[in-house]
Amino acid sequence: MTPAPLGSLHGNRMTALRWQGFLEELGYSVGVTESWSGGDTGLLIALHAYRSHQSIVEFKKKYPSRPIVLILTGTDLYRDMDNHSEVIQSMEMADQLITLQSSALDSIPTSLRYKAQVIYQSVEIDITDSAAKEGFLVSIIGHLREEKDPFCIARSLPLLPSDSKIIVRHLGQAMNSQMKDLARNFNATIDRYQWIGEVSHADALRMISQSRLMVISSRMEGGAHVVSEAIALGIPVIASDIPGNRGLLGEDYPGYYPVADESALASLLYRSETIPAFYASLQKYIDLRKELIKPAREKQSIQELVSALTTQ
């Protein structure tokens, strides 16, 4: 169950569909819905503690002894938990809490951590027609909304030295007219910047694979799947310094900059472009994270989780 609608490319929908695929491979019958249908369901897996709260309540009322798995999102942990009591209530009703990266565990109330575990999002990518990398292409991928701080990258580009060869391609749908106007303005006024808009998932992966760097500039993330995709493709990441990024890239990763600090971002971009040893250090850390995102690892974790809950 995910509040992200059918056909959406939002991360929550992608997570739900990936889990569905693994569970079906394991022999389970699985449906993906935006809310619980009220049907005879043996196990409920819900993404988003706040937005799925009512369905969790209804399921618990009808089937008090049947298990609930709650996959916690970034908005649950880093925004809604402090403002909506429903988040904690959903966490209390769930039999198991899942986070998508390790730093998220620290945000769960101490009294509930005993039923929390990390299951990293896996990635399986087969890019066979990726063009050779030319120049110093930087990609940024994500829908244009406030919590993504989508234009930190655009603000950073005028701060680059004139000898920089960096160009940026920005993929993602503008979520409101203001974001669209800003994107068009940056597109028209900054030579290094190109906003492409929403593209297919395959085209987004191809763009990452052709890049020298990927930037994730979010103010808040639960664990962005696009970071895992960059890891799988072996593309170094420059990331805002937030728990959701640290939990995927590691505490010692050298490519973090302070949230919304375009000057620091520009500095990291230029260091990556002009200092081979620094770029190599980013590459090394990315390669070390690949083991965490293998599909077999995620599938086994899901199998162990569901088996434990359904045999109790």
Side-chain angles (χ1 to χ4, degrees), residues 9-11 13-15 17-18 21 100-101 120-144 148 150 152-154 156-157 164-173 187 192-218 221 223-240 244-245 248-250 253-256 265 268-276 278-298:
L9 294 178
H10 286 273
R13 188 81 188 185
M14 296 298 101
T15 299
L17 293 175
R18 195 175 59 258
L100 303 178
Q101 43 84 10
Y120 288 96
Q121 301 181 88
S122 65
V123 179
E124 189 167 35
I125 296 175
D126 181 19
I127 299 290
T128 57
D129 58 349
S130 176
K133 297 181 178 69
E134 298 179 3
F136 204 91
L137 176 63
V138 177
S139 62
I140 179 165
I141 298 172
H143 294 312
L144 278 56
K148 299 286 187 182
C152 190
I153 186 76
S156 75
L157 294 179
S164 173
K165 302 294 192 296
I166 287 173
I167 59 171
V168 169
R169 290 182 182 162
H170 195 163
L171 279 60
Q173 178 185 2
N187 206 45
R192 299 180 186 273
Y193 177 84
Q194 182 183 16
W195 175 55
I196 296 174
E198 186 174 29
V199 301
S200 69
H201 186 231
D203 285 343
L205 291 178
R206 195 168 294 108
M207 178 66 69
I208 298 173
S209 73
Q210 295 169 1
S211 304
R212 300 294 302 278
L213 288 175
M214 190 196 78
V215 170
I216 180 161
S217 56
S218 301
E221 281 285 358
H225 196 237
V226 71
V227 174
S228 297
E229 290 170 338
I231 292 171
L233 289 165
I235 304 301
V237 178
I238 299 298
S240 52
N245 289 335
L248 290 175
L249 294 165
Y253 186 69
Y256 298 120
L265 174 56
L268 275 177
L269 292 173
Y270 192 61
R271 286 186 68 194
S272 302
E273 179 189 13
T274 59
I275 303 177
F278 179 67
Y279 186 86
S281 71
L282 296 175
Q283 187 77 69
K284 175 185 174 182
Y285 276 91
I286 289 294
D287 290 343
L288 289 172
R289 304 300 284 184
K290 287 185 178 180
E291 186 67 30
L292 294 176
I293 60 167
K294 290 186 175 180
R297 179 188 178 115
E298 186 178 26

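One is the number of the first residue; the rest follow in order along the sequence.
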query = If you count the non-hydrogen atoms of other residues, nucleotides and ligands that lie under 6.0 Å from CD in Q194, is the total more than 12?
reply =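 Counting other residues, nucleotides and ligands, CD of Q194 exceeds 12 neighbours.
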
As an exercise, state the distance from [atom1] of [X] to [atom2] of [Y], rounded to the nearest 0.5 Å.
X    : Y    : atom1 : atom2 : value
I231 : S122 : CD1   : OG    : 12.0 Å
I141 : M207 : CD1   : CE    : 7.0 Å
E298 : Y120 : CD    : OH    : 12.0 Å
M214 : I208 : CE    : CD1   : 5.5 Å
L233 : I125 : CG    : CD1   : 4.0 Å
L137 : I167 : CG    : CD1   : 5.0 Å

If you look at every heavy atom in [X] and [Y], which pair is closest and at what distance?
X    : Y    : value
L249 : A239 : CD1-CB, 3.8 Å
I238 : S272 : CD1-OG, 3.8 Å
P254 : L268 : O-CD2, 4.2 Å
R271 : F278 : NH2-CD1, 3.4 Å

Mind checking whether [X] and [Y] have side chains closer than 4.5 Å, heavy atoms only?
X    : Y    : answer
E198 : H143 : yes
L144 : Q173 : no
P236 : Q283 : yes
I140 : P150 : no

Quick one: do E221 and K148 make a salt bridge, cutoff under 4.0 Å?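 K148 and E221: salt-bridged.
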
- Message: Under 4.0 Å between a side-chain nitrogen and a carboxylate oxygen: does that hold for D203 and R206?
- Response: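 So D203 pairs with R206 through a salt bridge.
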
Indicate yes or no for a side-chain donor-acceptor contact from R192 to the backbone of V168 under 3.5 Å, with no hydrogens or angles considered.
->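 Flag not set: sc R192 to bb V168 has no pair under 3.5 Å.
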
Using only atom types and a distance under 3.5 Å, with no angle test, would you say the side chain of E229 pairs donor to acceptor with the backbone of V123?
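Pair absent, no side-chain N/O of E229 close to backbone of V123.
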
Please assess D287 against K290 for the test salt bridge (charged side-chain N to carboxylate O under 4.0 Å, His left out), listing each intermediate value before the final yes or no. CA-CA 6 Å; D287 290 343; K290 287 185 178 180; 3.7 Å; yes

Q: Could you give me the CA-CA distance, side-chain angles and deciding distance for L248 and Y253, then say whether side-chain contact (heavy atoms from CB on, under 4.5 Å) is met?
A: CA-CA 10 Å; L248 290 175; Y253 186 69; over 6 Å; no

Report the C-alpha separation of V237 and I216 in whole Å, then their side-chain angles, then the decisive distance to 0.1 Å, and conclude whether the side-chain contact (heavy atoms from CB on, under 4.5 Å) test is met.
CA-CA 7 Å; V237 178; I216 180 161; 3.8 Å; yes

Show the numbers, then the answer: is there a side-chain contact (heavy atoms from CB on, under 4.5 Å) between F136 and L213?
CA-CA 8 Å; F136 204 91; L213 288 175; 3.7 Å; yes

| task | Is it possible for you to check whether R212 lies under 6.0 Å from the centre of the six-membered ring of Y279, through NZ or CZ, and within 45° of that ring's axis? | result |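 Cation-pi check for R212 and Y279: passes.
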
After noting the C-alpha distance and the side-chain angles of L265 and I153, does the key distance pass the side-chain contact (heavy atoms from CB on, under 4.5 Å) rule? CA-CA 7 Å; L265 174 56; I153 186 76; 4.2 Å; yes

K165: what forms a side-chain contact (heavy atoms from CB on, under 4.5 Å) with it, not counting sequence neighbours?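 K165 satisfies side-chain contact (heavy atoms from CB on, under 4.5 Å) with E273 only.
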
If you measure only the distance, is there a donor-acceptor pair under 3.5 Å linking the side chains of N245 and S240?
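Checked: N245/S240 side chains pair up, N/O donor to acceptor below 3.5 Å.
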
